[in-house]
Amino acid sequence: MVQVTLEPLKIPERLLLPTVFERAWTEPANRLRPRILLPAAFTRPAPVLPGEHRVFIVFNRKNGAGKTTTALELACGWAAMGHTVRIIDADPQDAGLSGWLQPAFPEGLAPKNRMTLKNVLYGEVGLDEATYYTRYQNIYIVPSYEDCAVAEYDPAVNGERTLRRAIKRSEAPVDITIVDCPPKIGKLSTFTLAIGGKVIVPSQVSALDAKSSKSLRQTITNAQDDYDVEVVAAVLSAWDITNIAKDVGNEMAEHYPGALVCPVRKSVDAKTAPGENKSIREYSKRSTTTRDFDQIGRMLVAPRGEEA
C-alpha cells in the first residue's frame, strides 16, 4: 500500500476565519459573517510534549451531525502538523469511518483474524492489536463494523471504563487519539465518554439539530458530573448564511461557554470526497471546508515543534 503524505497548508491570513472574543452572532442573517467565537479564557494551545497523549471525543447523539467528517478532517490536519493520530471508530456502521478510511489489514490476514473494536470490548485483545495503518501516513485506525453493535446488548461486555483502560495500557507511540462516537445513547457512547478528555461537539446547521440541542446538552452535562470531560469546541458543519445557522451557533455558544464555536462552511467537495474514499483535505486542499478544519485543528493543538 502506498500511503498519502498530508502536507501542511499555507493559508493566507485573508482566507482565515476571523477569531473574536464574542459569544453571539447579532447581525441579521442576510449579513451573517462566519467567524470563530472564542471563550473568554482562550489561549494558544500548548505543544504536545514528548510522551504526552491527548484524547479528543467527537460526540453528538444525532445522526448526520458531521461527527465522522470532523474526526477524519481533524486527524488529517494534525497528521499534517507532524503528529501521530489514532482514530477509534466507535460508530459501528458500514458507512462510518472504517468504511471511509478502509484500514490496511496485513496481506494474507484472514478476515476472522482481523481484530476490531469489538475484540477490544470483549477483552480478547488490547488496543494495539486492533490498530491498523490507513491510506494516510501517521493516521491509524481501530475499526468497527456492524457486528460491534452486539456489544450494546451483551451482558458479557461490561465495565464502562473498558476503553479508558485500553487506551491507558496502549504502548503505541501515539500523540493524539480521536474517538468517533455512535449516534445514540447506549453502552458504547457511555464507554466513549468514560474515557475522559476533551469533547468536540459537531452540529449540522439544521432545524433538527436545533431541536435536539437540549437533550445533547443534558447528556454532556451528565457526563461531566461522572467523568473527566471538557467541551473544547462546537463545530457548526455545513454552515451557511441563514437564520438557522445563527440560532444554532448562538445556542452552542450559550450552552458551552468554555468552547470554541467554529463554523465550517459547506462545499461541494465535502459531499464528493467520501464517494472517492478520500478525506476532504486530500480531495481539495483549496476547499473552504478544508481550510476551516485546518484552522480549527491548529486552535486545538499546536503543530509539532511550535513553541508555546
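Note that the coordinates shown come from a computational prediction; the quantities given were computed from them, not determined experimentally. Basis for what follows: all heavy atoms, side chains included, without hydrogens, waters or symmetry-related copies.
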Qualifying ring-ring contact (aromatic ring centres under 6.0 Å, His included) pairs, either residue in residues 72-93, two or more places apart: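 Sorted pair list: F56-W78.
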Residue pairs fulfilling ring-ring contact (aromatic ring centres under 6.0 Å, His included) with at least one residue in residues 105-131, sequence neighbours excluded: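 Matches after skipping sequence neighbours: F105-Y132.
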T272: side chain to side chain contact (heavy atoms under 4.5 Å, CB included) partners, not counting sequence neighbours: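 For T272 the side chain to side chain contact (heavy atoms under 4.5 Å, CB included) partners, ignoring immediate neighbours, are V268, Y283.
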Partner residues of R35 under the side chain to side chain contact (heavy atoms under 4.5 Å, CB included) criterion, sequence neighbours left out: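 In terms of side chain to side chain contact (heavy atoms under 4.5 Å, CB included), with neighbours along the sequence ignored, R35 is linked to P18, V20, E22, W25, E27, R33, L37.
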Under 3.5 Å, is there a donor-acceptor pair between the [X] and [Y] side chains?
X	Y	answer
Q218	N222	yes
T190	E160	no
R86	S170	yes
S267	S287	yes

Summary of salt bridge (charged side-chain N to carboxylate O under 4.0 Å, His left out) pairs that have at least one residue in [range], sequence neighbours excluded:
range	answer
residues 268-277	none
residues 166-178	D175-R304
residues 110-120	K118-D147

Heavy atoms of other groups near R161 CZ, more than 12 under 6.0 Å: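 Counting neighbours around CZ of R161, more than 12 heavy atoms of other residues, nucleotides or ligands fall under 6.0 Å, so yes.
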Atom NZ of K285 with >12 non-hydrogen neighbours under 6.0 angstrom: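 No, NZ of K285 has 12 or fewer neighbouring heavy atoms, counting only those of other groups under 6.0 Å.
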Hydrophobic cluster (4.5 angstrom, side-chain heavy atoms) - remaining members for L9: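 Joined to L9, directly or through intermediates: I11, L15, L16.
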How long is the straight-line distance from [atom2] of [Y] back to [atom1] of [X], given to the nearest 0.5 Å?
X	Y	atom1	atom2	answer
L300	L74	CG	CG	7.0 Å
T84	N138	OG1	CG	4.5 Å
L163	T177	CG	OG1	10.5 Å
R217	M252	CZ	CE	10.0 Å
I87	I141	CD1	CD1	5.5 Å
R23	Y256	CZ	OH	12.0 Å

Qualifying residue, where the test is side-chain hydrogen bond (donor to acceptor under 3.5 Å, both in side chains) with R265 and the options are D292, T288, T289: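 Of all the options given, the one that passes is D292.
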Are [X] and [Y] in one and the same hydrophobic cluster, where Ile, Leu, Val, Met, Phe, Trp and Tyr link if side-chain heavy atoms are under 4.5 Å apart?
X	Y	answer
I36	F21	yes
L117	M115	yes
V301	V174	no
V205	I280	no

I88/I178 under side chain to side chain contact (heavy atoms under 4.5 Å, CB included): CA gap, chis, key distance, verdict: CA-CA 6 Å; I88 298 177; I178 304 175; over 6 Å; no
By side-chain hydrogen bond (donor to acceptor under 3.5 Å, both in side chains) - contacts of T70 (at least two apart):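 Here no residue qualifies.
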All side-chain hydrogen bond (donor to acceptor under 3.5 Å, both in side chains) counterparts of E282, not counting sequence neighbours: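 side-chain hydrogen bond (donor to acceptor under 3.5 Å, both in side chains) check on E282 returns R135, Y136.
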Check: K198 and I57 side chains under 4.5 Å, non-hydrogen atoms: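 Answer no - side chains too far apart.
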Heavy-atom side-chain contact between V199 and V232 under 4.5 Å: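 Contact flag for V199/V232 side chains = no.
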Where P47 and E52 come nearest, the two heavy atoms and their spacing: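 Taking every non-hydrogen atom into account, O-OE1, 3.7 Å.
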For the student: nearest non-hydrogen atoms of T134 and Q3, plus distance: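 Closest approach of T134 to Q3: O-NE2, 2.9 Å.
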Residues that Y133 engages under ring pair (Phe, Tyr, Trp, His ring centres under 6.0 Å), provided they are two or more places apart: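 Result, ring pair (Phe, Tyr, Trp, His ring centres under 6.0 Å) vs Y133: Y140.
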Under 3.5 Å, which donor-acceptor pairs do the side chains of residues 237-244 form with other protein atoms, sequence neighbours left out?
| from | atom 1 | to | atom 2 | distance (Å) |
| --- | --- | --- | --- | --- |
| S237 | OG | A65 | O | 3.1 |
| D240 | OD1 | T242 | OG1 | 3.3 |
| D240 | OD2 | K266 | NZ | 3.2 |
| T242 | OG1 | A245 | N | 3.0 |

Side chain to side chain contact (heavy atoms under 4.5 Å, CB included) between H53 and V48, worked out: CA-CA 8 Å; H53 177 229; V48 178; over 6 Å; no
Passing option when P92 is tested against P143, S98, S144 for side chain to side chain contact (heavy atoms under 4.5 Å, CB included):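 That would be S144; it is the only one of P143, S98, S144 passing the side chain to side chain contact (heavy atoms under 4.5 Å, CB included) with P92.
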